[in-house]
Amino acid sequence: FTYSSNIIKDGKFYLGAANLIDLSGNKISGFPEILSNFGISYSKSGLIAKLNGKYVGAFYSDNYDGKLENYLAANPGFVSYTDNKNDAYFTADFFVSYETNILKALGNTKIFFQVNNIFDNLYSAYAIGGEFFPAAERNFLAGLQVEL
């Protein structure tokens, strides 16, 4: 679990020679206040199972913080978007593998299966300005590894 406060101490965005937006005290874009990860694993006789989860708190896609609406009211059209908040999200992944020696002529053989984004959450993993970048929906990976 991590908590961080990333604030612009003294910043300005110049709209022109005589017009500016004071960004002092705003949150820095792209940095959520809360990040949290967990993991649990089980291992016995060649079987390995893991469950991992990640929570990412909400963050802003620019340095205008939650004040974008006010900035736009005072300076209409200085940016082309009205939403700059990337919502918080949680995702979990599951991995299982089994390793054995099926064929004596070969080394160990491992079969594995992984499910990413188990709950099929729809979320934006990152954002810049008015651009939000969606993350992958639930996806699967399976494989076989044979030592020669």
Quick check: are there more than 12 heavy atoms from other residues, nucleotides or ligands sitting under 6.0 Å from [atom1] of [X]?
| X | atom1 | result |
| --- | --- | --- |
| E147 | CD | yes |
| I40 | CD1 | no |
| E33 | CD | yes |

Any [X] side-chain heavy atom under 4.5 Å of [Y] side chain:
| X | Y | value |
| --- | --- | --- |
| F90 | Y55 | yes |
| K54 | Y89 | yes |
| F132 | N86 | yes |
| D93 | F95 | no |
| E137 | L122 | yes |
| I118 | L51 | yes |
| V79 | D62 | no |
| V96 | L47 | yes |

How far apart are the closest heavy atoms of I128 and F133, and which atoms are they?
N-CE1, 4.1 Å
Between Y123 and N117, is a side chain to side chain contact (heavy atoms under 4.5 Å, CB included) present by the stated rule, with each step listed?
CA-CA 10 Å; Y123 64 96; N117 194 2; 3.9 Å; yes
Which label fits Y64 and Y71: parallel for a plane angle under 30°, tilted from 30 to 60°, or perpendicular past 60°?
perpendicular
With rounding to the nearest 0.5 angstrom, report the [atom1] to [atom2] distance, [X] to [Y].
| X | Y | atom1 | atom2 | result |
| --- | --- | --- | --- | --- |
| Y60 | I28 | OH | CD1 | 14.0 Å |
| N75 | I21 | CG | CD1 | 4.5 Å |
| N19 | Y14 | CG | OH | 11.0 Å |
| Y98 | K110 | OH | NZ | 13.0 Å |
| L35 | Y3 | CG | OH | 12.0 Å |
| Y126 | S61 | OH | OG | 9.0 Å |

Passes side chain to side chain contact (heavy atoms under 4.5 Å, CB included), L144 versus T109? Steps please.
CA-CA 7 Å; L144 176 68; T109 301; 3.5 Å; yes
With no hydrogens and no angle check, do the side chains of T91 and N121 hold a donor and an acceptor under 3.5 Å apart?
no
N63 versus N26, side-chain donor and acceptor atoms under 3.5 Å
no
Would you kindly confirm whether V146 and L141 end up in one hydrophobic cluster when ILVMFWY residues are joined by side chain heavy atoms under 4.5 Å apart?
no
